[in-house]
Chemist: 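Quick one: the structure is below, questions incoming.
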Amino acid sequence: MLINTVILFLRDALPVFVVMAILLSLLQQQSIKANWVYISGLLGMLLSFALLMATDVIAHAIDDTGREWFYASLYFGCYCLVLVLLSHLAVGNIINFSARSKTITRYSAITLVAVIIMLNGANFLIYFTGFWHKNNASNVLSTGVVLGVGICTSIAILLYFMMEAVQHYYRLIRETLLVFFSAGLLMQSTNLLLQIDELPIGNILWDSNNIVLENSEVGYLLTVFFGYDATPTLIQLLLYATAIVAAFTIIFIRSNSALRNGNRTLKEVAL
Amino acid sequence: MISHYSMPFIRFVVAALTLMSFLTIAKRPEFQIELKNHLFFPSEIEIPENTKVKLIIYNRDQTPEEFDSFDLNREKVIFPEKKSVIFIGPLPQGRYEFFGEFNPNSAKGAILVTPQVPPQVSLHDIDNREFNEIGSTIAFQQNNLTESGVVYVD
């Protein structure tokens, strides 16, 4: 049970730690104070408990497909929030952040992290509360959580410093990681809609389980970072590619527009 | 702004889509499995190849469980004494394993995708083991440990 608790905790908590590390690094670059982390953490945990209370009702709504609809819509919402964040951060990288942009970025980050904590936290709480009283499992569950927090924190710290190091060679490392992370959320969203028959399933394009097993440690990491799916369908692949292209297009357009505005301002100052 | 002529068209489209979705769902063969004492019954079920099927999972335990399958790309929480529904397939022939994520050592099972059409069985009440005939075809497979059933809904 201990190993299972650690595995389940990693599955649900690692995405939270990863997105927090990426956003912390991105927002610090724009001189946004880190107190948003505490707000989003607290808000996310409160929402997790609220979702835990309502999850049974949600799950059995819409002909037992309520949970899929709820999670899929929120994952899609998270992707949209990432697009908003990236569009503002792209401008902030070129010219000084306006107060309005700073506020939007800050609130987008808070909402994004809080929603991810809520969705993943409620998942883990179902397990945690379901087995707490079973065979005095509370000690094992608590130990599992402590171990899981330790592993997740280590990975998040490593990621944070890795981004700092890689930034010298590839300036958009944080944005790229955030784009792939959000595309991964969209993949989860499509998986949920596929399993309730709301998206055409189609044939599986390939099975890469013989290269990287989806339920291996590397598979878990790849799923969190890139939305790795060993057996994707055509519609999933198209959505994944479209999500990535759309995000990079937004970064490119917003950066270019900020650059043009910046040059114009410089010329006006020079004149 | 929706024009005067748009509303009937939108209503028609919504009605047509709703009807189509009901018709599509109605054609899906249904399979049922249940979870008792952290074990899946039946632990193996046969489904026809290249067919999308509806899988209804009943949790008879007092604790929640998460139906998980990397082979099928499916993941669904089943609350205590409740049921959950997922759709799987169309799949090529093969063995697709699933497990209970909260009790992976005991709750294990597999979906066997076979070329032949599986027996058509109505499994209305698993607890009472009452099997009622639907249409003209009925069969019931039973071995020492497991039972398997499928019902085609027209």
Chemist: Do B:V77 and A:Y127 come close enough that some side-chain heavy atom pair is under 4.5 Å?
Modeler: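 Contact flag for B:V77/A:Y127 side chains = no.
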
Chemist: For A:D229, is it the side chain, the backbone, both or neither that has a heavy atom under 4.5 Å from a heavy atom of chain B?
Modeler: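 The side chain, not the backbone.
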
Chemist: At a 4.5 Å cut-off on heavy atoms, which part of A:L213 comes close to chain B: side chain, backbone, both, or neither?
Modeler: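 Neither part.
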
Chemist: Compare all side-chain heavy atoms of A:R67 with those of B:K76 and state whether any distance is below 4.5 angstrom.
Modeler: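 Counting from C-beta outward, A:R67 and B:K76 never come under 4.5 Å.
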
Chemist: Check A:G130 against B:P64 and note the closest heavy-atom contact, atom names and distance.
Modeler: CA-CD, 3.7 Å

Chemist: Considering only heavy atoms and a distance below 4.5 Å, find which of A:D207, A:D63, A:D56 pairs most often with chain B.
Modeler: A:D56

Chemist: To the closest 0.5 Å, what do you measure between CD (B:E101) and CG (A:N123)?
Modeler: 9.5 Å

Chemist: So what's closer than 4.5 Å to chain A heavy atoms on B:E66: side chain, backbone, both or neither?
Modeler: side chain

Chemist: Report the C-alpha distance between B:F70 and A:T231 in whole Å, list the side-chain angles of each, state the deciding distance to 0.1 Å, and finish with yes or no for side chain to side chain contact (heavy atoms under 4.5 Å, CB included).
Modeler: CA-CA 9 Å; B:F70 289 102; A:T231 50; over 6 Å; no

Chemist: Which heavy atom in B:R74 sits nearest to a heavy atom in A:L194, and how many Å separate them?
Modeler: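 Closest approach of B:R74 to A:L194: NH2-O, 3.7 Å.
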
Chemist: Where is the tightest heavy-atom contact between A:L199 and B:K52, given as atom of each residue plus distance?
Modeler: O-NZ, 4.5 Å

Chemist: For A:F76, does the CZ atom sit with more than 12 other heavy atoms under 6.0 Å from it, leaving out its own atoms?
Modeler: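 Count not over threshold, so no.
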
Chemist: Taking all non-hydrogen atoms of both residues, which atom of A:N4 and which atom of B:F102 are closest, and how far apart?
Modeler: ND2-O, 3.1 Å

Chemist: Considering only heavy atoms, which portion of A:L8 lies under 4.5 Å from any heavy atom of chain B: side chain, backbone, both, or neither?
Modeler: side chain

Chemist: Relative to chain B, which segment of A:T129 carries a heavy atom at a distance below 4.5 Å: side chain, backbone, both, or neither?
Modeler: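 Nothing of A:T129, per the 4.5 Å heavy-atom cut-off to chain B.
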
Chemist: Is there side-chain contact between A:Q195 and B:N73, with heavy atoms separated by less than 4.5 Å?
Modeler: no

Chemist: For B:L112, is the CG atom crowded, meaning more than 12 foreign heavy atoms sit under 6.0 Å from it?
Modeler: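 Correct, the count exceeds 12.
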
